[in-house]
Student: 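The structure under discussion is supplied below as structure tokens; questions concerning it will follow.
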Amino acid sequence: MPIRQMKESSEQHLVIKTHFKYSMNPPQKTPKTAQNGKGPPLQEHQNTKIQNQPSPPSRNRGRRRGRGGRKSDQGDACLRPSSRPCTVACKPVNPAGDSLETTPNVSTENGGSVCEMEMGFPTSSKSLSFAPRPGYGQVGTKCIVKANHFLAELPEKDLNHYDVTITPEVASRTVNRAIMAELVRLYKESDLGMRLPAYDGRKSLYTAGELPFAWKEFTIKLVDEDDGINGPKLHTDPQLRRRERQYRVVIKFVARSNLHHLGQFLAGKRADAPQEVLQILDIVLRELSVKRYCPIGRSFFSSDIRAPQRLGDGLESWCGFYQSIRPTQMGLSLNIDMASAAFIEPLPVIEFVGQLLGKDVPSRPLSDSDSVKIKKALRGVKVEVTHRGNVRRKYRVSGLTSQPTRELVFPVDENSTMKSVVEYFQEMYGFTIQHSHLPCLQVGNQKKASYLPMEACKIVEGQRYTKRLNEKQITALLKVTCQRPRERENDILQTIQHNAYDQDPYAKEFGIKISEKLASVEARILPAPWLKYHETGKEKDCLPQVGQWNMMNKKMINGMTVNRWACINFSRSVQENVARGFCSELAQMCQVSGMEFNPDPVIPIYNARPEQVEKALKHVYHVSMNKTKGKGLELLLAILPDNNGSLYGDLKRICETDLGLLSQCCLTKHVFKISKQYLANVSLKINVKMGGRNTVLLDAISCRIPLVSDIPTIIFGADVTHPENGEDSSPSIAAVVASQDWPEVTKYAGLVCAQAHRQELIQDLYKTWQDPVRGTISGGMIRDLLISFRKATGQKPLRIIFYRDGVSEGQFYQVLLYELDAIRKACASLEPNYQPPVTFIIVQKRHHTRLFANSHRDRSSTDKSGNVLPGTVVDTKICHPTEFDFYLCSHAGIQGTSRPAHYHVLWDENNFTADGIQSLTNNLCYTYARCTRSVSVVPPAYYAHLAAFRARFYLEPDAQLQENSSNGSGHATKTTRAGENGVRPLPALKENVKRVMFYC
């Protein structure tokens, strides 16, 4: 594909190379002025008012050098300062006529009625390959670190895949595994030809070498696991007799998997990973642990690994380990990490209820609220009966009876002869019910429910608790999981030894050998960047030490002015004079830090009750509006109780979507214990909410950041947050932030939108809809943020860097195809040949790679917490064999073991070197507005996460309405591609709010 150059006035600034093997969109005729063959489809411009056609593209200057290839002299280009002079107050990039805002703009925040979405869903991932690694980074101080990756030697045997069909069909993997284990026990030495197969619990069976048949049927008899689990003897009582079930198992040959492909991939000779082979090896290495422990996802838990710790309310924490096979540069690697999870304590139900209610089971019937709490906690939980001797039959709880046990009766025969539950248990089992005032557990389905007295039941061991933990439980769980690096490393090594992979019969059968040593990896420690503060401070610039610094003797580089402010006190325990003293101290700290802050509020501090939050906010808003003659408040301070329930969320929703107020909340405990550090951090937050900047990178204002300082560059951050487990109907929230200043890249405006439940692709990046008068209208979050960048800087972005948070590896292709296409279309909707080059980077925190110092005794190689130093970057050995990824630990640890962020560059039209993107990412981590520390995730991604989290509060008041009806609000409803379920739009952010960093 030819390389064309983009002209800006008479200067040539960049070369756009496309990495697509084929175009992402179907071939269409494009306008002659389109560059790179990437001009947008014609219909997207039918209603676009073009004010000025840019100059035609220059001639083809050279041939493509392979996908993502670089010029031969480009090795160090990224490290040199730009040759082009650059000043903060630059002239507009293009003549004024070439305006970026060329079509009607509608906010993504649900202002207009979206009738029809034109954006097509790209379906082919074959047309796309990820950015290759451009080389390895060289910048920084070299050192050795250890990683929790263990080298796995590849077997030389062929792997055979067989299909398994079990009749009657079984939903439970546990039962499927029991059936297969019985089959192997009976037939291994005969029909299976001495093979020991690995089974995934569903439809697939794998062997090393062929079975003696291509198709065979077996009949397996199995005792129902819900009966008689304590011993083989059959009871004479037919009611106590174990039930035996018969299953038909058909095993059929499917395919042979060759390991040659995997070997080539690991050697970097093939770009596509053989996913099936990796999956087989993963299943083989999990097989023994599945039998020994309680498997959850890719982790295994047991109450024997370490004694469970009580979390309160009938829960306990179990320790376990995570295990995953990964292709890396050093070969196949087994990633092992420690894990913890909350489990339901295997208590007698009566005791569990006592813990849950925080009191002994009362002698009188339960209150309605107690019953609701118990029902919620026990629904779906497995219990076993304790009143039948050795027969420990298991049931799943479906509910709670509305009547106490003593009032419950049921028919015992066809003549509807009624018998009470109390009598039945006495006569049938000789079991006297003591707590007949309590309700019974309902088990089975609602139509044919069975009653079990609470005191005759015990909770079955090994059930993970999947609902939301309360604050006390979270704190207790964090105490268990928080391990210093040395302890964690030792536990990981102990796990490897305890798992004894060299003795594992499945690993032996398949010829897999696992090293017992942590991988030793070459790393580099990137230098911290110099930070610029205001010239009037004693310290005008600052070099952070070990990832931190402070505001002493420094003033914010752009301190804002707050003339009109007010304070509402929602905390009963804070007296007016205390609140006044706190506000005065805060105002003083803001002034010391470089802001201009009026010491006197517009109106006296207003006291209000939390349940009257809306009334109080509107009162203060209107009184202040009158007092300031219509100018209104610039800032609202709010003092909240430490435990404030929904108050914080309600206040933010009303302020940001209804009144257009920027607010700063402070908890009562901080008001009483006024700490300088706390006030300094709050002043940082207030300044950015007012539109200021706290600090900027010295290299940014000196125009020395490669591939950012040379031409106007916009940096995006994007994230999607999903509802918690158990919430079936709440929407997911997408947030996108984008830098609004160049060359500083420090201020980020944010937009949010609701989308279909658990939809990971961001639906509103670009959208079009039909307007009866204006025709096709373009909108979406990318488009809006590009336009606001132009308004804020007077320049149009000529380069896009897009950090995308929260995407799992399995979704990389899908997210890149869909979201890169949306970015393209958003740009094309502004000008027909406007296609700035894009670098698309995935940011992952939910992974299990941990880095440890080579020697824990060497204090110079660790921070105070014993973790690797901030700036530690790894792009060799444990990283992808061919793709452009790296691990970066950009922050200093506080407690526990630091988790490095994993950055994966999926798409790179800007031709970053490894040093270029690693240094940029590390340096940006020092620009986070809310504290004077480098943070663990690049700030645009962090801000997007904060904005998405904030927007969930905007849903709260109508959560119930939303569950019952998604389309009765009077708002326009956007239909989503994910099953056409309606999603109620979020209330729109007020204009003055979305221009600033309201989410900080």
Student: Grab the two heavy atoms, one from Ala147 and one from Leu518, that are nearest each other, plus how far apart they are.
Tutor: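 Result for this residue pair: O-CD2, 3.3 Å.
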
Student: Nearest 0.5 Å please: distance from the CD atom of Gln895 over to the CG atom of Asn867.
Tutor: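 Going from CD on Gln895 over to CG on Asn867, the span is 11.0 Å.
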
Student: For a quick test of reading the model, state the closest non-hydrogen atom pair linking Phe852 to Ile492 and the distance between them.
Tutor: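 What the structure gives for the nearest pair is CZ-CD1, 4.0 Å.
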
Student: For Lys864, does the NZ atom have more than 12 heavy-atom neighbours from other residues, nucleotides or ligands under 6.0 Å away?
Tutor: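 No, not enclosed.
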
Student: Given 3.5 Å as the limit, does a donor-acceptor pair link the side chain of Arg950 with the main chain of Phe998, or not?
Tutor: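 Between the backbone of Phe998 and the side chain of Arg950 there is a qualifying donor-acceptor contact (under 3.5 Å).
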
Student: Could you tell me whether Arg758 atom CZ has more than 12 heavy atoms of other residues or ligands within 6.0 Å of it?
Tutor: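 Check passes, neighbour count above 12.
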
Student: Tell me, yes or no, whether the heavy-atom count around Arg292 atom CZ, taken from other residues, nucleotides or ligands under 6.0 Å, exceeds 12.
Tutor: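 Enclosed.
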
Student: For the CD1 atom of Ile842 and the OH atom of Tyr803, what is their distance to the nearest 0.5 Å?
Tutor: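 Spacing of CD1 (Ile842) from OH (Tyr803) equals 12.5 Å.
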
Student: Using salt bridge (charged side-chain N to carboxylate O under 4.0 Å, His left out) as the criterion, point out the one residue from Arg488, Arg899, Arg326 that pairs with Asp337.
Tutor: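 Result: among Arg488, Arg899, Arg326, Arg488 is the only option passing the salt bridge (charged side-chain N to carboxylate O under 4.0 Å, His left out) with Asp337.
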
Student: Between Arg298 and His848, is there a side-chain heavy-atom distance shorter than 4.5 Å?
Tutor: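 With C-beta onward as the side chain, the pair stays apart.
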
Student: Please report the closest heavy-atom contact between Ala718 and Val736, naming both atoms and the distance.
Tutor: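 It is CB-CG2, 4.1 Å.
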
Student: Using side-chain heavy atoms (C-beta onward) and a distance below 4.5 Å, is Lys472 in contact with Asp313?
Tutor: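 Yes - at least one pair of side-chain heavy atoms lies under 4.5 Å apart.
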
Student: Between Asn470 and Gln473, which heavy-atom pair has the shortest distance, and what is it?
Tutor: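 For Asn470 and Gln473, the tightest heavy-atom pair comes out as OD1-N, 2.8 Å.
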
Student: For a 4.5 angstrom cut-off between non-hydrogen side-chain atoms, does Met454 reach Leu441?
Tutor: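 Yes; the side chains approach each other to less than 4.5 Å.
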
Student: Do NZ/NE/NH1/NH2 and the carboxylate oxygens of Lys373 and Asp370 come within less than 4.0 Å?
Tutor: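 No salt bridge links Lys373 with Asp370.
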
Student: Examine distances only and state if a side-chain atom of Asp863 and a backbone atom of Ala892 form a donor-acceptor pair shorter than 3.5 Å.
Tutor: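 Such a contact is absent between Asp863 side chain and Ala892 backbone.
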
Student: Any side-chain heavy atom of Phe300 sitting closer than 4.5 Å to one from Thr495?
Tutor: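 Counting from C-beta outward, Phe300 and Thr495 never come under 4.5 Å.
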
Student: Tell me whether Arg804 is salt-bridged to Glu760, with the criterion being a basic N under 4.0 Å from an acidic carboxylate O.
Tutor: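 Judged by the 4.0 Å cut-off on N to carboxylate O distance, Arg804 and Glu760 do form a salt bridge.
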
Student: Are the aromatic ring centres of Phe321 and Tyr293 under 6.0 angstrom apart?
Tutor: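 They qualify: ring centres under 6.0 Å apart.
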
Student: Just checking Glu611: does its CD atom have more than 12 heavy atoms from other residues, nucleotides or ligands closer to it than 6.0 angstrom?
Tutor: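 Yes, the 6.0 Å shell around CD holds more than 12 heavy atoms from other groups.
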
Student: Hey, does the side chain of Asn490 reach the backbone of Glu487 with a donor-acceptor pair shorter than 3.5 angstrom?
Tutor: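 The answer is no, because no donor-acceptor pair under 3.5 Å joins these two groups.
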
Student: Return the minimal non-hydrogen interatomic distance between Val720 and Ala734, and the atom names on each side.
Tutor: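 In terms of heavy atoms, the two residues are closest at CG2-CB, 4.1 Å.
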
Student: Is the number of heavy atoms from other residues, nucleotides or ligands under 6.0 Å of Phe949 CZ greater than 12?
Tutor: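 Atom CZ in Phe949 is not crowded, with 12 or fewer foreign heavy atoms closer than 6.0 Å.
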
Student: Which of these, Tyr954, Tyr943, Phe953, sits in a ring pair (Phe, Tyr, Trp, His ring centres under 6.0 Å) with Tyr999?
Tutor: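 It is Tyr943; the other options fail the test.
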
Student: Under the criterion ring pair (Phe, Tyr, Trp, His ring centres under 6.0 Å), which of His904, His149, His902 is the partner of Tyr887?
Tutor: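 When ring pair (Phe, Tyr, Trp, His ring centres under 6.0 Å) is applied between Tyr887 and each of His904, His149, His902, only His902 qualifies.
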
Student: May I ask you to check whether over 12 heavy atoms, not counting those of Asp642, lie within 6.0 Å of atom CG?
Tutor: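 For Asp642, atom CG is crowded (more than 12 foreign heavy atoms under 6.0 Å).
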
Student: Are side-chain heavy atoms of Arg484 and Ser865 found at a separation under 4.5 Å?
Tutor: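 Sidechains of Ser865 and Arg484: in contact.
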
Student: Determine, step by step, whether His722 and His757 satisfy the side-chain contact (heavy atoms from CB on, under 4.5 Å) criterion, reporting the C-alpha distance in whole Å, the side-chain angles of both residues, the deciding distance to 0.1 Å, and the verdict.
Tutor: CA-CA 7 Å; His722 302 294; His757 179 74; over 6 Å; no

Student: Let me see the working for Met338 and Cys319 under side-chain contact (heavy atoms from CB on, under 4.5 Å), right down to the final yes or no.
Tutor: CA-CA 8 Å; Met338 302 317 293; Cys319 282; 5.8 Å; no

Student: Short question: side chain of Gln844, backbone of Arg846 - any donor-acceptor pair under 3.5 Å?
Tutor: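 Absent.
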
Student: Checking the side chain of Gln497 only, and the main-chain atoms of Gln494 only, is there a donor and an acceptor separated by less than 3.5 Å?
Tutor: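 Answer holds: no.
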
Student: Using modelled atom types and a 3.5 Å cut-off, is there a donor and acceptor pairing between side-chain atoms of Thr872 and backbone atoms of Leu869?
Tutor: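 Indeed, once roles are kept as given, a pair shorter than 3.5 Å links the two residues.
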
Student: May I have the step-by-step check of side-chain contact (heavy atoms from CB on, under 4.5 Å) for Ile296 and Phe343, ending in yes or no?
Tutor: CA-CA 11 Å; Ile296 293 168; Phe343 281 74; 3.6 Å; yes

Student: Do Thr921 and Val843 have side-chain heavy atoms sitting under 4.5 Å apart?
Tutor: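 A side-chain contact is absent here, since even the closest heavy-atom pair is not under 4.5 Å.
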
Student: Within the structure provided, determine whether Pro870 and Gln548 are in side-chain contact (heavy-atom separation under 4.5 Å).
Tutor: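 Of all side-chain heavy-atom pairs linking Gln548 with Pro870, none is under 4.5 Å.
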
Student: Answer yes or no: does atom NZ of Lys467 have more than 12 heavy-atom neighbours from other residues, nucleotides or ligands under 6.0 Å?
Tutor: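 Yes - once you tally the heavy atoms of other residues, nucleotides and ligands closer than 6.0 Å, there are more than 12.
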
Student: Taking the side chain as every heavy atom from C-beta outward, state whether Asn148 and Tyr322 have any atom pair closer than 4.5 Å.
Tutor: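 No. Closest side-chain heavy atoms not under 4.5 Å.
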
Student: Between the side chain of His856 and the main-chain N/O of Thr862, is any donor-acceptor distance below 3.5 Å?
Tutor: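 No.
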
Student: Which residue is it: Leu651, Asp650, Asp658? I am looking for the one with a side chain to side chain contact (heavy atoms under 4.5 Å, CB included) to Glu614.
Tutor: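 So, applying the side chain to side chain contact (heavy atoms under 4.5 Å, CB included) to Glu614 and each of Leu651, Asp650, Asp658, only Asp658 qualifies.
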
Student: Look at atom CZ of Arg468 and say whether more than 12 heavy atoms of other residues, nucleotides or ligands are closer to it than 6.0 Å.
Tutor: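 Counting neighbours around CZ of Arg468, 12 or fewer heavy atoms of other residues, nucleotides or ligands fall under 6.0 Å, so no.
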
Student: Verify the distance criterion only: is there a donor paired with an acceptor across the side chains of His945 and Asp719 at less than 3.5 Å?
Tutor: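 Present: a donor and an acceptor within the cut-off.
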
Student: Which distance, rounded to the nearest 0.5 Å, do you find between the CD of Glu384 and the NZ of Lys394?
Tutor: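 Between Glu384 CD and Lys394 NZ, I get 6.5 Å after rounding to 0.5 Å.
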
Student: When you look at Cys457 and Tyr395, which way does the side-chain contact (heavy atoms from CB on, under 4.5 Å) test go after all the steps?
Tutor: CA-CA 10 Å; Cys457 299; Tyr395 299 88; over 6 Å; no

Student: Mind checking the CG-CD1 spacing from Leu955 to Ile733? Nearest 0.5 Å is all I need.
Tutor: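 Interatomic distance, Leu955 CG to Ile733 CD1, rounded to 0.5 Å: 4.5 Å.
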
Student: Nearest 0.5 Å, please: how far is CG in Leu617 from CD1 in Ile568?
Tutor: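 The CG atom of Leu617 is 4.5 Å from CD1 of Ile568, to the nearest 0.5 Å.
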
Student: Could you grab the distance from atom CD of Glu345 to atom OG of Ser317, nearest 0.5 Å is fine?
Tutor: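 Rounded to the nearest 0.5 Å, the CD-OG separation comes to 10.0 Å.
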
Student: Where the side chain of Ser340 meets the backbone of Thr481, is there a donor-acceptor pair that is under 3.5 Å apart?
Tutor: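 No; judged by distance alone, with no hydrogens or angles, the pair does not exist.
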
Student: Can you give me the closest heavy-atom contact between Arg464 and Ala341, atom names plus distance?
Tutor: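 Looks like NE-CB, 3.9 Å.
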
Student: Just by modelled atom types, is the Gln755 backbone N or O under 3.5 Å from a matching donor or acceptor in the Ser732 side chain?
Tutor: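 Side chain of Ser732 to backbone of Gln755, a donor-acceptor pair under 3.5 Å: no, none is there.
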
Student: Would you check if the side chain of Asp282 reaches a backbone N or O of Leu285 as a donor-acceptor pair within less than 3.5 Å?
Tutor: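 Checking the backbone N and O of Leu285 against the side chain of Asp282, no donor-acceptor pair under 3.5 Å is found.
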
